[in-house]
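The structure presented is a predicted model; accordingly, all values stated were derived computationally and were not measured. Just so we're on the same page: letters track the sequence lines, and every chain starts at 1.
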Number of protein chains: 2
Amino acid sequence: MATDQPSSTEGLRRLNTSLVLRSLRQQGPATRAELAKRTGLAKATVGVIVGGLAEVAAVDESASVPGGPGGRGRPGRPVTLTGEGLLGLGLELNVDYVSAVVLDLGGRVRVSGTRPVTGTDPLPVLLDLARSVVRRVRDGRLVGAMVAVPGLVRGDDRTVAWTPNLAAPDERVAVGIEDVLEGRCPVSVGNDANCAAYAESHHGAAVGAEHALYLTGTVGIGAGIVTDGRLLRGAAGFAGEVGHMPIGDSTAACGCGRRGCWEASIGLHAMLAAVGMPELDTPYLSAQAVADRAEHDPAVRAALENLGRDVGLGLAILTNVLDPSLVVLGGYFVALGEHVLGPARRSLDERLPSPAQGRPELRLSTLGMEAAALGAAELALEGVFSGDVPVA
Amino acid sequence: MATDQPSSTEGLRRLNTSLVLRSLRQQGPATRAELAKRTGLAKATVGVIVGGLAEVAAVDESASVPGGPGGRGRPGRPVTLTGEGLLGLGLELNVDYVSAVVLDLGGRVRVSGTRPVTGTDPLPVLLDLARSVVRRVRDGRLVGAMVAVPGLVRGDDRTVAWTPNLAAPDERVAVGIEDVLEGRCPVSVGNDANCAAYAESHHGAAVGAEHALYLTGTVGIGAGIVTDGRLLRGAAGFAGEVGHMPIGDSTAACGCGRRGCWEASIGLHAMLAAVGMPELDTPYLSAQAVADRAEHDPAVRAALENLGRDVGLGLAILTNVLDPSLVVLGGYFVALGEHVLGPARRSLDERLPSPAQGRPELRLSTLGMEAAALGAAELALEGVFSGDVPVA
DNA sequence: GACTTAAGTTCGAGACTCGTACTTAATAGG
DNA sequence: CCTATTAAGTACGAGTCTCGAACTTAAGTC
C-alpha cells in the first residue's frame, strides 16, 4: 500500500482485504478458518472480509466438502478467488501489431485479441481494438487499464518520453484510451519490456520468483526487472534500457550511431548477419528459420554459440548488479532455444561474482505475442492486490 | 510497512505515526495544524500522535512563535523531531578498522568511535567498541542495531555468506553483537556498500535522491543501490556486487583469477600500478599521494584520465540498467576528485541509452570512514520510519 | 476592550479488529 | 439410531482508532 498517505479504518480494511486476496492468489483456495491461520487475522474478521469480496463477485464459495482433511468436525466451505467481478484491461501498442487482454482478478483471461498493423499508424488500430474488447465485457467492474509501449515512459506512468519506431509522443496514447473508456477507470502507460516481465512473473516462466529478470530481443534489446515482486522503474522510469550498454563486440556498429552496444551483438539484425540469413516477416519467424538451418549447418551453430556467449556476458553483468534468481529470455531468443541457452549458461557461469553466488536459472518465455498486454492487465489490477484500490 | 501481515487498529496508529515522523524528517519542523495539512490526517489525530511521540521523547515542542506567518490568530507551537528517546546503533566491521555510531531518530550522531585494527581478528575489537559505546548511552531506547560487513550477506540480514578478507562467517557477527547488547534490540547484518549508500542518501551527497547509486573503491569495488528510497537487495541479498563485472581492459588480471573484471581496471591496485606508485597505509592516503603527484606529472594525469574513463564506462552500464538520478563515488575515488570525475562524466555521456535520458549527476562522497556505520545506524532506525516498529 | 483569526483540544459518531461464546454440520462410537 | 466430539462459521460486546464539529485558547486588529 502507498505508505505516504493517511490511513483511516477503511484503509485498514483495504489492507487486510488485500492480504486475504494475496493469500488466495498465492496459496490457492481455502476455507475461512484456513485463511485466518494463513493471514493471522481473526476468524471473525476473515468472515466479514470474505463476505465483502463475495458481494463484488471477487470470490466464490463452493459447497462444503465433507470428509476433508481430518474428517471430524464441521467441514469448511472453500473460498476460491474467481475474481469475476473485477477486471483489468491490458493493451500493447507496437509497430507491427496491437494487442488487448482483459484479465479478471482470478488471473483468467476473459477476452483477448491481436491485430496486425502494416504501415499505418498503429494507435487508431489499438483504439479500435480497445473499443471492441471493452464492449465485449458487460459484467464486472474495470478497475484499471494499462498500455504497454516500446519506448521510454516517464515516472508518471503516463507520458511517453521516447519511442524510436513509433509516433506516439507525450500523452497521446493515454488520452486516446481514456477517451475510449470514457472515464470508467484510470489509465496508465508502461514500457513493454517491463510489462512482459511482470507477465512472466505472474503467468509465465517466472511465476513465484520475487527477483526475476526478463530479456526480450527483437531488433532492439530490452529488459524488465522485477525486484521484491515489484517492477524496477528508476528515477525517470527508464531502468532496464540495456540495449545500448557497451557489451560484446566493441567494434560492432549499432543503429544508434555508436559502436559496441549489446544490441549490435545480440539484436536480431546482428544475429541474422552473423548467420547470413535474411529477415522474414517477424523476428520470431526469422529466428525460427535460423534454428531450422542450425540443425544441419555447423557454421550457423557456431554463430549462435557466439551469440549465446554474448547474451551470457551481458546477463552476467546484470546478474552481478541485480542478483535475480531467474532470468527469462523472450522475443526471438525463444525460437533459438537451446542454441542460445547453452552457451549463455556457460559464459554466465564463468562470470559469477563469487563462489557464494549460484547461477540464476535461465528459461525461455512461455508467453507469446500477448505477453506485454497480459502484464499490462496484471499491472492494472495491481492496486487491488496492494490495497491501494478499494475493492467495493 | 510490511504488507504481508495483518493490521489491527494499533497497526493503523503505527502507520500514521510513521507518516508524521517522515513528514517531520523530510519537511522539517511544523505545527500540528501544518502537519495535519502535510499528512492529510485530521487535526485531532495529529494531536494524539504528537502527544504519543512527545511521551517517548521523539519530538520536542518549542514555545509558540507569535507574529509568525499570517500574523493573526493563535500562533502554533512548532513540533521538532529531536528523536532523543529513540536510538539506532550502527557498526562497521572491516579488515583494518572498526567503527560504531549511535544515531537518534532526529538524525543526530550521539556517540561515535573508530578503532584501527592491525593484524589481529577485528571482531573482538568491534565487540569491545560496541560495549563501550553502548555504555555511554544511558537515556533513550535502542530500537535496533546493524553491523556493516565487507562481504556477501544473505537475504535473512544475518548470515554472512562470504567475506574475502575477513574470517567472520555465518552468524558469528550477529551473535557476538547480540551478546553485547543482551537482547536490548534486534541485531542485523548488512553489506558495507549498501550501508554506505544508505548513509549517503540520508546524510551525505545523495540526500533527497530516491534513486541513487553509490560506488566505493578500495582494493575491491562495490556498489550500493537505492531505488525508491529502499536498498536493492536481490534474491540472495547479493545485488550490487559489481567488482567482477567484465568491464574495462579485458586483459587485466584480477585477484579472483579471471581477466577483465572491472576491479582489475579501477581497483586501488590497478590505479597504483597505472601511475607507478606504491600502496600506503590506507587506500585514501595512497590516492591522496597520487592526486598530489598528478598536479605536476602529466603522465599520472593521463593514467587517471584512463581510469576515469573506465569508471564512466561501468557507470554507464549501471545507469542503463538502474536509471539513478545521482551517482556518488566513495572510497579512494574521493581523494582523486576531479581527476576521475571529469573523464567519468565524459565517457558516461557517450554511453547514455537515449537522447531522452539525462546523465545522472556525479558527486563525491562527503562522509568519511564512518559512512558504513552511519548507514547501518540509519537502517537500524528504518523500522520506526516505516511503521514496522512500534514507537512506544 | 471587542472583534477576528487560526491553533489546538474535546467529544461523540462511525469503522474496524479481536476474543469469547454460540450455532451449525460433519464424524465416531455405542 | 442416538449421543459425544470436533471443527467451521457467526454473533456480539469491548477496545482502538480516525474523523468532523464544536469548543477553547492565544494571538493580532480596529
Side-chain angles (χ1 to χ4, degrees), chain A residues 1 5-20 29-55 59-80 387 390-392, chain B residues 1 5-20 29-55 59-80 387 390-392:
Chain A
M1 189 162 83
Q5 51 189 31
S7 297
S8 58
T9 50
E10 288 123 56
L12 189 55
R13 164 60 58 87
R14 275 215 306 279
L15 203 61
N16 284 333
T17 300
S18 76
L19 189 64
V20 170
T31 65
R32 289 164 173 76
E34 270 168 32
L35 280 173
K37 244 180 246 163
R38 299 205 302 213
T39 59
L41 293 165
K43 264 200 306 179
T45 308
V46 172
V48 179
I49 288 176
V50 168
L53 289 173
E55 247 173 42
V59 299
D60 219 31
E61 213 161 350
S62 7
S64 64
V65 189
R72 297 156 85 92
R74 173 177 170 177
R77 301 213 304 277
V79 175
T80 313
V391 84
Chain B
M1 189 162 84
Q5 50 188 31
S7 299
S8 58
T9 49
E10 289 124 56
L12 188 56
R13 166 59 60 88
R14 275 214 308 278
L15 203 61
N16 284 332
T17 300
S18 77
L19 189 65
V20 170
T31 65
R32 288 164 174 73
E34 272 169 30
L35 280 173
K37 243 180 250 164
R38 297 203 306 211
T39 59
L41 294 164
K43 265 200 306 180
T45 308
V46 172
V48 179
I49 288 177
V50 168
L53 288 173
E55 247 173 41
V59 300
D60 220 28
E61 212 160 350
S62 7
S64 65
V65 189
R72 300 157 84 93
R74 172 178 171 176
R77 300 213 306 278
V79 175
T80 312
V391 84

Please determine whether the number of non-hydrogen atoms from other residues, nucleotides or ligands lying under 6.0 Å from atom CD of B:Gln5 exceeds 12.
yes
Heavy-atom nearest pair, A:Thr80 first then A:Ser62, reads OG1-OG, 4.1 Å
On a heavy-atom basis, which atom in A:Arg14 and which in A:Gly387 lie closest, and how many Å separate them?
NE-O, 2.8 Å
Find the distance between [atom1] ([X]) and [atom2] ([Y]) and round it off to the nearest 0.5 Å.
X: B:Arg32; Y: B:Thr45; atom1: CZ; atom2: OG1; answer: 13.0 Å
X: A:Leu41; Y: A:Thr17; atom1: CG; atom2: OG1; answer: 9.0 Å
X: B:Leu19; Y: B:Leu35; atom1: CG; atom2: CG; answer: 9.5 Å
X: B:Leu15; Y: A:Leu12; atom1: CG; atom2: CG; answer: 9.0 Å

Quick one: [X] [atom1] to [N] [atom2], roughly how many Å, whole number?
X: B:Leu12; N: D:dG15; atom1: CG; atom2: C1'; answer: 14 Å
X: A:Glu10; N: D:dC19; atom1: CD; atom2: P; answer: 9 Å
X: A:Gln5; N: D:dC19; atom1: CD; atom2: P; answer: 12 Å
X: A:Arg14; N: D:dC17; atom1: CZ; atom2: P; answer: 19 Å
X: B:Leu15; N: D:dT16; atom1: CG; atom2: C1'; answer: 15 Å
X: A:Leu35; N: D:dT10; atom1: CG; atom2: P; answer: 12 Å

May I ask you to evaluate whether [X] reaches the phosphate of [N], defined as a side-chain N or O under 4.0 Å from OP1 or OP2?
X: B:Asn16; N: D:dT18; answer: yes
X: A:Arg77; N: D:dG9; answer: no
X: B:Thr31; N: C:dG8; answer: yes
X: B:Arg32; N: C:dT9; answer: yes

Numerically ordered, the residues 40-50 of chain B set in heavy-atom contact under 4.0 Å with DNA chain D is B:Leu41, B:Ala42, B:Ala44, B:Thr45
Between B:Arg13 and B:Gly73, which has a closest nucleotide on DNA chain D that is more 5'?
B:Arg13
Does a distance-only test, which skips hydrogens and angles, find a donor-acceptor pair under 3.5 Å between the side chain of A:Arg74 and the base of C:dA25?
no
